Asks: 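One structure is given below, represented as structure tokens, and several questions about it will come after.
Order of appearance sets the numbers: ligands from 1, and atoms from 1 within every ligand. One-based numbering along the sequence shown. Just the heavy atoms: all of them, side chains too, but no hydrogens, waters or symmetry mates, feed the values below. Just so we're clear, the structure is a prediction, and the values are computed from it rather than from any experiment.
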Amino acid sequence: MEYRHLGKTGIRISELSLGSWITFHNQADVQAAMELMSAAYKAGVNFFDNAEAYAGGKSEEVMGAALKQLGWRRGSYLVSTKLYWGLHNNVNERNTLNRKRLIEGINGSLERLQLDYVDLIYCHRPDQTTPIEETVWAMHNIIEWGKAMYWGTSEWAAAEIVAAIEIAERHHLHKPVTEQPVYNLFERQRFSREYERVYKEYGYGTTTFSPLASGLLSGKYSKGIPENSRAALEGNDWLQDAVTDEENLVKVQALEPIASELDCTLAQLALAWCLKNRYVSTVITGASRVEQVQENMKASEVARRLTPEILERIDAIFVEKREEEED
Ligand SMILES: NC(=O)c1ccc[n+]([C@@H]2O[C@H](COP(=O)([O-])OP(=O)(O)OC[C@H]3O[C@@H](n4cnc5c(N)ncnc54)[C@H](OP(=O)(O)O)[C@@H]3O)[C@@H](O)[C@H]2O)c1
């Protein structure tokens, strides 16, 4: 496992990490979570991603209980949480980054995670109704109080990130240090274009998510929706169109000869492709089974074998002609 600096910070993060969205509580109880996390930790993963909203707080509870039983030295791993959607359908408590909510939110997350602090706290989405200055001050306070080490943004517009950085600089507050954006072979536009300025000018880090497009890029949906897959889970109908879309499946299939030349799986190839982007600090993987973690963690080796020529062949499958011309 290689470790990359998280943007301009002194902290180094494993280039592959593990997140708990959808899986923890829904597919993995505490025992299963311990097994998934152990497999990742053994492979060198030092970052575990979570959020208040995942499974309505239960994902944090599961990870907290797992960490407690695993008993790892706190200095040996990083944990995150994210705030925005909230847990209660009430005014001031949902879809917001107001000061009161953020401070109540971090306290609740720490309780569920059974931790004194998280290493990273993200604003899970931008909030157009709260002044960015209020959010920046609240995040600064959370860090000053020792409840989080660093803070970041998730799916914020580049202009909003720059505004937050500039407010923090003006008042000598803790700046956000990383974005958590989607980044995979199907969804790379925003990462590659809009955010470029924030990596280059501000040295912003990135902890990217959904590298397999929820499993689509593993090829598992080529013959329909397997029973034990994410798209088959109750309440996940929203995913079914994307994973059965004929055009998407043709693209995934077209990767197969490249994967066999490299003697790797489609999932490893898709993860390795994400790792090749030097602006990626860590690729947050997801897994419902230990075998998936073990398979996915080998993507680092595959990334080392991805030559510019292979990357061009992959682009030829996924990048539309029109997009190439715009570049
Ligand atoms: N900030 C945000 O807004 C945001 C949004 C989404 C995710 N995230 C973070 O990013 C993490 C990763 O995202 P993601 O879970 O969407 O990642 P993903 O890699 O796109 O999808 C992971 C899912 O794909 C399937 N899978 C994984 N490895 C596989 C393999 N080798 N072979 C076959 N199937 C495989 C598993 O689902 P099944 O086995 O159930 O099919 C697994 O749960 C999340 O846990 C979360 O921490 C953040």
Side-chain angles (χ1 to χ4, degrees), residues 16-28 32-33 36-37 39-40 43 45 47-55 59-60 62-63 78-85 118 120-126 152-156 178-188 190-191 206-236 238-240 242-243 248 252 259 264-275 280-299 302:
L16 291 166
S17 47
L18 183 70
S20 63
W21 179 51
I22 299 192
T23 52
F24 283 28
H25 178 71
N26 297 310
Q27 291 172 290
L36 293 167
M37 291 171 75
V45 165
F47 172 48
F48 299 94
D49 185 62
N50 213 323
E52 177 190 61
Y54 294 169
S59 169
E60 290 178 327
V62 168
M63 190 177 277
L78 310 165
V79 176
S80 71
T81 194
K82 313 187 203 81
L83 302 172
Y84 170 73
W85 278 289
V118 288
L120 269 162
I121 180 171
Y122 294 90
C123 296
H124 210 157
R125 287 293 179 271
T153 52
S154 181
E155 301 266 287
W156 279 33
T178 187
E179 164 61 28
Q180 186 169 133
V182 64
Y183 184 57
N184 61 50
L185 278 162
F186 286 109
E187 280 189 88
R188 54 161 116 180
R190 196 172 196 189
F191 187 95
T206 60
T207 60
T208 62
F209 71 75
S210 293
L212 298 182
S214 275
L216 168 62
L217 283 158
S218 73
K220 72 192 304 169
Y221 293 106
S222 296
K223 295 192 188 83
I225 299 178
E227 226 173 79
N228 55 3
S229 63
R230 176 177 291 187
L233 290 177
E234 208 186 312
N236 275 1
W238 56 271
L239 190 57
Q240 292 177 359
V243 298
N248 288 348
V252 174
C264 70
T265 65
L266 286 179
Q268 289 166 342
L269 180 58
L271 294 168
W273 176 85
C274 297
L275 287 171
V280 168
S281 313
T282 184
V283 175
I284 313 178
T285 65
S288 66
R289 280 183 280 288
V290 166
E291 305 77 66
Q292 292 173 349
V293 176
Q294 288 163 342
E295 176 184 335
N296 296 347
M297 293 304 134
K298 294 194 187 117
V302 177

Asks: Answer with yes or no whether the side chains of Asn50 and Ser20 bring together a donor and an acceptor at under 3.5 Å.
Replies: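 On atom types as modelled, these side chains qualify, holding a pair under 3.5 Å.
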Asks: Just going by heavy-atom distances, which of Ser218, Ala287, Ser210 is nearest to atom 33 (C) of ligand 1?
Replies: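 Ranked by closest heavy atom to atom 33 (C) of ligand 1, first place is Ser218.
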Asks: Leu16 and Val45: which non-hydrogen atoms are nearest, and at how many Å?
Replies: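 For Leu16 versus Val45, the nearest heavy atoms are O-CG2, 3.3 Å.
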Asks: Looking only at protein heavy atoms, identify the closest one to atom 42 (C) of ligand 1 and say how far it is in Å.
Replies: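 It is Gly286 O, 3.4 Å.
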Asks: Could you tell me, atom by atom, which parts of ligand 1 come under 4.0 Å of a heavy atom of Leu212?
Replies: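 What qualifies from ligand 1 is 18 (P), 19 (O), 20 (O), 27 (C), 28 (N), 29 (C).
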Asks: May I ask you to check whether Trp156 and Tyr122 place their ring centers less than 6.0 Å from one another?
Replies: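 Ring centroids of Trp156 and Tyr122 are no less than 6.0 Å from each other.
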Asks: Which residue and non-hydrogen atom of the protein lie closest to atom 21 (O) of ligand 1, and at what distance in Å?
Replies: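 I find the closest protein heavy atom is Ser214 CA, 3.4 Å.
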Asks: Distance to 0.1 Å, residue and atom name: give those for the protein heavy atom nearest to atom 44 (C) of ligand 1.
Replies: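 In this structure, atom 44 (C) of ligand 1 has Trp21 CB, 3.4 Å as its nearest protein heavy atom.
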Asks: Does a side chain donor of either Thr206 or Glu179 reach within less than 3.5 Å of an acceptor in the other side chain?
Replies: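 The answer is no; no qualifying pair exists.
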Asks: Answer yes or no for Arg289: is there a heavy-atom contact with ligand 1 below 4.0 Å?
Replies: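 Right, Arg289 reaches ligand 1.
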Asks: What protein heavy atom sits nearest atom 47 (O) of ligand 1, and how far away is it?
Replies: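 Minimum-distance protein heavy atom for atom 47 (O) of ligand 1 reads Asp49 OD2, 2.5 Å.
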Asks: Does at least one non-hydrogen atom of Tyr54 fall below 4.0 angstrom from an atom of ligand 1?
Replies: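 Within the 4.0 Å threshold, so yes.
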Asks: Please state which protein non-hydrogen atom is closest to atom 15 (O) of ligand 1 and give its distance, to 0.1 Å?
Replies: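 Atom 15 (O) of ligand 1 sits closest to the protein heavy atom Arg230 NH2, 2.7 Å.
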Asks: For Gln268, state whether at least one heavy atom is located under 4.0 Å from any atom of ligand 1.
Replies: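 No, Gln268 has no heavy atoms under 4.0 Å from ligand 1.
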Asks: Going by heavy atoms, is Lys220 under 4.0 Å from ligand 1?
Replies: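 Lys220 counts as a contact of ligand 1 under the 4.0 Å cut-off.
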Asks: Tell me the protein heavy atom at minimum distance from atom 2 (C) of ligand 1, and give that distance in Å.
Replies: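 Here the closest protein heavy atom is Phe209 CE2, 3.3 Å.
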Asks: I need the nearest protein heavy-atom contact for atom 28 (N) of ligand 1: residue, atom name and distance, please.
Replies: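 Heavy-atom neighbour on the protein nearest atom 28 (N) of ligand 1: Asn296 ND2, 2.9 Å.
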Asks: Using a 4.0 Å heavy-atom cut-off, which part of Thr285 comes near ligand 1: side chain, backbone, both, or neither?
Replies: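 Contact part for Thr285 vs ligand 1: backbone (N, CA, C, O).
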Asks: Starting from atom 12 (C) of ligand 1, which protein heavy atom do you reach first, and at what distance in Å?
Replies: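 For atom 12 (C) of ligand 1, the nearest protein heavy atom is Ile284 O, 3.3 Å.
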Asks: Can you check which of Gly215, Cys274, Ser229 brings a heavy atom nearest to atom 25 (C) of ligand 1?
Replies: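 Ranked by closest heavy atom to atom 25 (C) of ligand 1, first place is Gly215.
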Asks: Against heavy atoms of Ala267, which atoms of ligand 1 measure under 4.0 Å?
Replies: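 Heavy-atom distances to Ala267 below 4.0 Å select 31 (N).
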Asks: Pick, from Arg125, Lys82, Gln180, Gln27, the option with the minimum heavy-atom distance to atom 3 (O) of ligand 1.
Replies: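 Result: the heavy atom closest to atom 3 (O) of ligand 1 is in Arg125.
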